[in-house]
Novice: 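Handing you this structure, nothing more for now.
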Amino acid sequence: MASYLAVPVLLSTDMGAMGYCSPVLTLPSNLVAFVLRFKRVNRVFTTAEGARRRVRERELHPASHVPPRRLRSDVRVDVIDDSWPIYTISPRNGGPTGRVVYVHGGGWVNEISPQHWHLAAQIAAEANTVVTLPIYPLVPHGTSARVVDWIVGLILRDTERFGTTPLLAGDSSGGQIALSAALRLRDTHHVTLPRTILISPALDLSWSNPRIPAVQPSDPWLATPGGKVLAELWRGNDELLDPIVSPLSGDLEGLGPITLFTGTRDILNPDAHLLAKKAIAAGVDVDLYEAPGQLHVYPLLPTVVGREARATIVDSVRGSLPAR
């Protein structure tokens with residue numbers, strides 16, 4: 001039996017994922033689920049009032065988006081302002097072979113977390129690529145169409161400047177933004193992304209999948225009451241089932257390859273299956289990684305399964321970059 005280093009873990013809904021835990025530590029998955037329940041991390045989602053309270057808190061006290069002080073030493077971080085801040089993480093040794101735009105999750109209300117930074121740094125170093133981290137406005141100031149169009153513009157500028165189209169990745173709410181951006185790029189600019197990597201993506205913001213209630217009791221993280229409140233704010237003036245808000249409603253034909261990660265203890269898991277089925281029917285190449293018993297955004301968590309998923313993400317990025 002594998003041995004684990006058990007340490008106290010700080011959890012916070014600020015993260016949109018688990019609170020900070022050193023990437024060198026490894027925890028058992030059942031301990032992660034226990035601590036999530038103990039800390040009531042799902043309080044933002046279990047009631048509509050919990051979600052509204054969170055929006056008010058973040059409107060009055062915005063969280064910091066600066067990178068953690070400790071990041072691996074073989075990458076460098078730069079930042080520019082382009083309407084909103086854009087960070088880049090670059091490998092220090094050797095010329096990068098490509099670019100990845102990573103859109104962080106957080107329920108459209110929580111800022112980028114240390115887990116996002118560490119994953120982006122791992123991708124940059126181990127896939128020898130530049131990872132761009134856009135810091136987009138959250139609810140109640142940000143809306144899906146506004147942010148998706150900004151991400152599209154960022155990708156188009158990178159394509160023109162560097163001569164190749166970057167990969168696009170995102171987790172949770174960032175997965176919604178990423179897939180909606182991929183659809184917008186195809187429809188409006190005739191651009192096909194070399195790969196879109198989705199980690200536990202939010203795909204249908206109506207939260208109407210009939211399988212969600214069956215998964216809900218096992219999910220210590222997400223729930224529909226608060227999710228519906230945040231979705232209503234995030235959709236802006238668009239309909240919930242417009243593909244700019246709920247990309248599962250879009251026509252997937254003509255998209256580039258998709259790499260999709262989902263855990264079975266995640267109420268977004270049923271929609272991940274619908275996405276894979278719909279994409280395959282549309283002729284899209286899909287790599288589906290489903291982890292039994294794992295939680296929402298499990299590739300970001302400090303577990304053995306999470307570590308293995310991160311290695312798979314690096315491999316997927318490396319295999320999709322242009323040949324040197």
Novice: Please check if atom CG in Asp78 has more than 12 non-hydrogen atoms from other residues, nucleotides or ligands closer than 6.0 Å.
Specialist: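 Check passes, neighbour count above 12.
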Novice: Would you say the side-chain atoms of Glu126 pair up with the backbone N or O of Ala121, donor to acceptor, closer than 3.5 Å?
Specialist: no
Novice: Using the rule given for side chain to side chain donor-acceptor pair (under 3.5 Å), can you reason through His116 versus Asp171, listing the C-alpha separation, both sets of side-chain angles and the distance that settles it, and then say yes or no?
Specialist: CA-CA 9 Å; His116 298 122; Asp171 69 279; 3.1 Å; yes
Novice: Taking a hydrophobic cluster as the set of Ile, Leu, Val, Met, Phe, Trp and Tyr residues connected by side-chain heavy atoms closer than 4.5 Å, whether directly or through intermediates, do Leu179 and Tyr289 fall within one such cluster?
Specialist: no
Novice: Are the side chains of Thr312 and Asp287 in contact, using a 4.5 Å heavy-atom criterion?
Specialist: no
Novice: Does Phe34, at its CZ atom, have more than 12 non-hydrogen atoms belonging to other residues, nucleotides or ligands within less than 6.0 Å?
Specialist: no
Novice: Any non-hydrogen side-chain atom of Trp234 less than 4.5 Å from a side-chain atom of Leu240?
Specialist: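 Heavy-atom side-chain distance check fails, nothing below 4.5 Å.
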Novice: If you apply the rule side-chain contact (heavy atoms from CB on, under 4.5 Å), what do you find for Ile135 with Glu111, and how did you get there?
Specialist: CA-CA 8 Å; Ile135 306 300; Glu111 195 51 88; 3.7 Å; yes
Novice: So which heavy atom on Ala178 is nearest to which on Gly170, and how close?
Specialist: CB-N, 4.3 Å
Novice: Could you measure the distance from the OG atom of Ser173 to the CG atom of Asn110? Nearest 0.5 Å is fine.
Specialist: 8.0 Å
Novice: To the nearest 0.5 Å, tell me how far Gln176 CD sits from Ile244 CD1.
Specialist: 8.0 Å
Novice: For the residue pair Ala51 and Leu230, what are the closest heavy atoms and their distance?
Specialist: CB-CG, 4.2 Å
Novice: Report yes or no: do Val148 and Leu233 belong to one cluster of Ile/Leu/Val/Met/Phe/Trp/Tyr joined by side chain heavy-atom distances under 4.5 Å?
Specialist: yes
Novice: Quick one: do Thr47 and Val229 satisfy side-chain contact (heavy atoms from CB on, under 4.5 Å)? Show the steps, please.
Specialist: CA-CA 9 Å; Thr47 66; Val229 169; over 6 Å; no
Novice: Please tell me whether Val131 and Leu156 are part of a single hydrophobic cluster in this structure, the criterion being side-chain heavy atoms less than 4.5 Å apart.
Specialist: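 Yes: a chain of side-chain contacts under 4.5 Å links Val131 to Leu156.
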Novice: Under a 4.5 Å cut-off applied to non-hydrogen side-chain atoms, are Lys277 and His273 in contact?
Specialist: no
Novice: With the side chain counted from C-beta on, respond yes when Leu275 and Leu198 share a heavy-atom pair under 4.5 Å apart, and no when they do not.
Specialist: yes
Novice: Flag the pair Leu119 / Tyr102 as yes when at least one side-chain heavy-atom distance between them is below 4.5 Å, and no otherwise.
Specialist: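 They are in side-chain contact.
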Novice: Under 3.5 Å, sequence neighbours excluded: what are the donor-acceptor pairs made by side chains of residues 248-258?
Specialist:
unit_1: Ser249; atom_1: OG; unit_2: Leu241; atom_2: O; d: 3.2
unit_1: Asp251; atom_1: OD1; unit_2: Glu253; atom_2: N; d: 3.1

Novice: Would Arg56 and Arg53 count as a side-chain contact (heavy atoms from CB on, under 4.5 Å) if you check the C-alpha gap in whole Å, the side-chain angles of each, and the deciding distance to 0.1 Å?
Specialist: CA-CA 5 Å; Arg56 290 195 297 270; Arg53 186 182 307 114; 3.9 Å; yes
Novice: Any side-chain to backbone donor/acceptor pair from Arg310 onto Pro299? Under 3.5 Å, distance only.
Specialist: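 A pair under 3.5 Å: yes.
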Novice: Check for a donor-acceptor pair, side chain of Thr264 on one end and backbone N or O of Pro292 on the other, with a separation under 3.5 Å.
Specialist: no
Novice: Any chain of hydrophobic side-chain contacts (each under 4.5 Å) joining Tyr298 to Phe45?
Specialist: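 Yes.
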Novice: Tell me whether Arg146 contacts the main-chain N or O of His141 through its side chain, where contact means a donor paired with an acceptor under 3.5 Å.
Specialist: yes
Novice: Evaluate Ile313 against Thr259 for side-chain contact (heavy atoms from CB on, under 4.5 Å), listing each step before the verdict.
Specialist: CA-CA 8 Å; Ile313 291 169; Thr259 300; 6.0 Å; no
Novice: Answer yes or no: is there a side-chain heavy-atom contact under 4.5 Å between Thr165 and Pro194?
Specialist: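 They are in side-chain contact.
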Novice: List the atom pairs, donor and acceptor, that lie under 3.5 Å between side-chain atoms in residues 208-218 and the rest of the protein, sequence neighbours left out.
Specialist:
unit_1: Ser208; atom_1: OG; unit_2: Ser206; atom_2: OG; d: 2.7
unit_1: Asn209; atom_1: OD1; unit_2: Arg211; atom_2: N; d: 2.9
unit_1: Asn209; atom_1: ND2; unit_2: Asp271; atom_2: OD1; d: 2.8
unit_1: Gln216; atom_1: NE2; unit_2: Leu222; atom_2: O; d: 2.8
unit_1: Ser218; atom_1: OG; unit_2: Val215; atom_2: O; d: 2.9

Novice: Measuring from atom OG1 of Thr262 to atom CD1 of Ile199, what distance do you get when rounded to the nearest 0.5 angstrom?
Specialist: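 Between Thr262 OG1 and Ile199 CD1, I get 11.5 Å after rounding to 0.5 Å.
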Novice: I need the Leu295 CG to Leu301 CG distance, nearest 0.5 Å.
Specialist: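 It comes to 6.5 Å.
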Novice: Take the angle between the ring planes of Tyr136 and His104 and call it parallel below 30°, perpendicular above 60°, tilted in between.
Specialist: parallel
Novice: Hey, is the main chain of Leu205 close enough, under 3.5 Å, to the side chain of Ser246 for a donor-acceptor pair?
Specialist: yes
Novice: Please round to the nearest 0.5 Å and tell me the distance separating atom CG of Leu268 and atom CH2 of Trp221.
Specialist: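 So the CG of Leu268 and the CH2 of Trp221 are separated by 11.0 Å.
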Novice: Would you say Leu260 ends up clustered with Ile197 if hydrophobic residues are merged whenever their side chains have heavy atoms under 4.5 Å apart, either directly or through other cluster members?
Specialist: no
Novice: Side chains of Arg265 and Pro220: closer than 4.5 Å at any heavy-atom pair?
Specialist: yes
Novice: Where is the tightest heavy-atom contact between Ala127 and Leu321, given as atom of each residue plus distance?
Specialist: O-CD1, 3.5 Å
Novice: A quick test of your reading: do over 12 heavy atoms of other residues, nucleotides or ligands sit less than 6.0 Å from CZ of Arg76?
Specialist: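 For Arg76, atom CZ is not crowded (no more than 12 foreign heavy atoms under 6.0 Å).
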Novice: So how far is it from Asn42 CG to Leu36 CG, rounded to the nearest 0.5 Å?
Specialist: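 If we round to the nearest 0.5 Å, Asn42:CG and Leu36:CG are 8.5 Å apart.
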Novice: State whether the side chain of Arg43 and the backbone N or O of Gly50 hold a donor-acceptor pair below 3.5 Å, judged by distance alone.
Specialist: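 Not a single qualifying donor-acceptor pair exists.
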Novice: Under the rule for ring pair (Phe, Tyr, Trp, His ring centres under 6.0 Å), what residues qualify as partners of Tyr87, not counting sequence neighbours?
Specialist: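 Tyr87 satisfies ring pair (Phe, Tyr, Trp, His ring centres under 6.0 Å) with His65, Trp117 once adjacent residues are dropped.
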Novice: Search all heavy atoms of Ser320 against all heavy atoms of Arg195 and return the closest pair with its distance.
Specialist: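 So the two residues come closest at OG-NE, 2.7 Å.
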Novice: Ignoring hydrogens and geometry, is there a side-chain-to-backbone donor-acceptor pair from Asp219 to Ile267 under 3.5 Å?
Specialist: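 Answer holds: yes.
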Novice: Just by modelled atom types, is the Asn128 backbone N or O under 3.5 Å from a matching donor or acceptor in the Thr97 side chain?
Specialist: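 Checking the backbone N and O of Asn128 against the side chain of Thr97, a donor-acceptor pair under 3.5 Å is found.
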Novice: Does the Arg58 side chain pair with the main chain of His61, one donor and one acceptor, at a distance under 3.5 Å?
Specialist: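 Pair found, side chain donor or acceptor close to backbone of His61.
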Novice: Please report the shortest heavy-atom distance between Arg99 and Thr129, naming the atom on each side.
Specialist: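 For Arg99 and Thr129, the tightest heavy-atom pair comes out as N-OG1, 3.2 Å.
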Novice: Are side-chain heavy atoms of Pro166 and Thr159 found at a separation under 4.5 Å?
Specialist: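 Contact flag for Pro166/Thr159 side chains = yes.
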Novice: Check this for me: does any side-chain nitrogen of one of Asp238 and Arg235 sit under 4.0 Å from a carboxylate oxygen of the other?
Specialist: no
